Amino acid sequence: MPTSENDSPPVYREIAEDLRAAIASGELSHGDRVPGENDLMKRYRVARATARQALSVLINEGIVVAIRGSGVYVRTFRPLRRHGPRRLSRELWSTGRAIWQADAADRGFETDSIEIGNVAAPEHISRALGLPAAAPVLRRCRRYRLDGRPMQLATSYLPADLAAGTAIGEADTGPGGIYARLAELGQAPAHFTEEIRVRMPTPTEVDRLHLSAGTPVLDVLRTALTAAHSAVEVNEMTLDGSAYILQYDFDA
């Protein structure tokens with residue numbers, strides 16, 4: 001039974017570490033019920049408040065999930081490996097495959113909350129696309145889910161006159177997505193730039209991405225440019241920081 005000395009971690013943290021180790025070792029696997037408050041009180045001879053605190057630590061980390069009236073269960077999620085160069089290769093989208101296929105492989109992913117329409121370009125978007133201030137742009141907002149879990153929010157901006165009358169303005173942009181449609185217009189992306197920063201989420205992002213307390217998000221700003229170095233799309237993405245591994249390969 002763990003003890004709490006002045007220089008030792010609080011008992012609830014020791015209990016949480018024991019449970020975390022059981023999950024990491026496979027003793028408790030995805031979907032298994034975690035010992036509840038009563039079980040922990042008996043096993044560790046602690047007060048209910050201490051047992052509850054220990055479980056709250058794991059819930060806040062996203063390792064377990066509490067189901068009302070049922071208990072607390074292990075929720076392991078295999079992070080999605082996001083391979084920067086490979087997922088944007090022409091070989092992928094020019095053959096009708098979605099960018100997500102490079103990441104998710106055979107895992108189930110879907111897009112929801114799709115909103116599409118023309119808007120006046122925000123200042124930073126008009127500047128990035130080389131358009132006059134407040135020029136009309138097509139805005140595509142959507143949310144991506146993997147294995148039923150919200151993973152990413154994304155908003156793309158494209159010049160309105162370029163996208164007009166094409167499938168880019170439809171919910172289903174067709175095989176290969178936006179980049180394949182741009183190629184059909186003679187505006188195929190030939191170069192991409194991405195900027196990444198980490199921050200804490202807004203309340204809206206916490207709600208839409210179902211984030212656990214303390215989970216950061218990744219902001220990814222991607223610009224697609226043609227061979228002539230004309231910007232044809234700006235994509236602002238917000239990623240659940242606990243759900244991704246970012247991989248970038250470089251030659252020495």
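Just so it is clear, the model here is predicted, and its values are computed rather than measured.
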Arg48 and Asn38 side chains, donor-acceptor separation under 3.5 Å
yes
Under a 4.5 Å cut-off applied to non-hydrogen side-chain atoms, are Leu158 and Leu182 in contact?
yes
For a 4.5 angstrom cut-off between non-hydrogen side-chain atoms, does Ile178 reach Arg140?
yes
Hydrophobic clusters here meaning ILVMFWY residues chained together by side-chain heavy-atom distances under 4.5 Å, can you tell me if Leu146 and Val217 are in one?
no
Aromatic contact, Phe192 with Tyr179 (centres under 6.0 Å)
yes
Shortest non-hydrogen contact between Val234 and Ala128, atoms and distance:
CG2-CB, 3.7 Å
Should the pair Arg199-Asp219 be classified as a salt bridge under the 4.0 Å nitrogen-to-oxygen rule?
yes
In Å, rounded to the nearest 0.5 Å, how long is the span from CG of Leu40 to CZ of Arg43?
6.5 Å
Set out, in order, the CA-CA distance, both residues' side-chain angles and the distance that settles side chain to side chain donor-acceptor pair (under 3.5 Å) for Gln152 and Tyr244, then state yes or no.
CA-CA 10 Å; Gln152 177 188 138; Tyr244 281 90; 3.1 Å; yes
Honestly curious: do Leu162 and Ile168 fall in one hydrophobic cluster under the side-chain, below-4.5 Å linking rule?
yes
Rounded at 0.5 Å granularity, tell me how far CD in Glu233 sits from CD1 in Ile125.
9.5 Å
I want to check something: taking the side chain as every heavy atom from C-beta on, are Ser230 and Leu225 in contact at a cut-off of under 4.5 Å?
no
Min side-chain heavy-atom separation Val64-Leu55 under 4.5 Å:
no
Quick one: CZ on Arg52 to CE on Met41, what's the gap to the nearest 0.5 Å?
9.0 Å
Where do Gly241 and Thr215 come nearest, in terms of heavy atoms and distance?
N-CG2, 4.5 Å
Arg181/Glu184 ion pair, N-O < 4.0 Å:
yes
Leu153 and Val220: same hydrophobic cluster, using ILVMFWY side-chain contacts below 4.5 Å?
no
For Ile116 versus Gly169, what's the shortest heavy-atom pair and its separation?
CG2-O, 3.5 Å
pair Glu17-Leu19: side-chain heavy atoms closer than 4.5 Å
no
May I have the step-by-step check of side chain to side chain contact (heavy atoms under 4.5 Å, CB included) for Arg33 and Ser70, ending in yes or no?
CA-CA 9 Å; Arg33 189 177 185 277; Ser70 179; 5.7 Å; no
Looking at every heavy atom in both Leu138 and Ala163, which two are closest together, and how far apart are they?
CD2-CB, 3.7 Å
Measure from the side-chain N and O atoms of Arg13 to the backbone N and O of Ala54, and report whether any donor-acceptor pair falls under 3.5 Å.
no
Kindly work out whether a path of hydrophobic side-chain contacts (I/L/V/M/F/W/Y, heavy atoms less than 4.5 Å apart) joins Leu246 to Phe109.
yes
Please say which of Leu211, Leu209, Asp240 ends up in a side-chain contact (heavy atoms from CB on, under 4.5 Å) with Pro150.
Leu209
Between the CG atom in Leu88 and the NE2 atom in His191, the distance rounded to the nearest 0.5 Å is 11.0 Å
State whether a side-chain donor-acceptor pair under 3.5 Å links Asp249 with His83.
yes
Distance in Å, Arg81 CZ paired with Ile245 CD1, rounded so as to fall on 0.5 Å steps:
4.5 Å
Side-chain (Asp207) to main-chain (Thr204) donor-acceptor, under 3.5 angstrom:
no
Does one side chain, of Ser156 or Arg142, offer a donor that lies under 3.5 Å from an acceptor on the other?
yes
Contact check, side chains of Pro175 and Trp93, non-hydrogen atoms, under 4.5 Å
no
Does one side chain, of Ser29 or Asp32, offer a donor that lies under 3.5 Å from an acceptor on the other?
yes
Value rounded to 0.5 Å, distance of NE2 in His229 from OG1 in Thr223:
9.5 Å
Transitive ILVMFWY side-chain link Leu221 to Met151, under 4.5 Å:
no
For a side chain to side chain contact (heavy atoms under 4.5 Å, CB included) check, start with the C-alpha distance between Ile23 and Ile63, then their side-chain angles and the critical distance, and finish with the verdict.
CA-CA 9 Å; Ile23 293 170; Ile63 298 174; 3.3 Å; yes
Quick one, Arg82 and Gln247 - any side-chain contact, counting heavy atoms below 4.5 Å?
no
With side chain to side chain contact (heavy atoms under 4.5 Å, CB included) as the test, would you mind laying out the steps for Ile15 and Val46 before giving the verdict?
CA-CA 10 Å; Ile15 297 173; Val46 295; 4.2 Å; yes
Check against side chain to side chain donor-acceptor pair (under 3.5 Å), Asn235 and Tyr157
CA-CA 6 Å; Asn235 192 350; Tyr157 298 90; over 6 Å; no
Within the 4.5 Å heavy-atom criterion, are Arg20 and Val57 side-chain neighbours or not?
yes
Could you walk me through whether Val137 and Leu131 satisfy the side chain to side chain contact (heavy atoms under 4.5 Å, CB included) test, starting with their C-alpha distance in whole Å, then the side-chain angles of each, then the deciding distance to 0.1 Å, before giving a yes or no?
CA-CA 9 Å; Val137 291; Leu131 299 173; 3.6 Å; yes
For Tyr144 and Asp112, which I'm curious about, is there any donor-acceptor pair between the side chains at under 3.5 Å?
no
Please report the closest heavy-atom contact between Ala120 and Ala134, naming both atoms and the distance.
CB-O, 3.7 Å
Of the non-hydrogen atoms in Leu58 and Ala16, which two are nearest, and what is the gap between them?
CD2-O, 3.8 Å
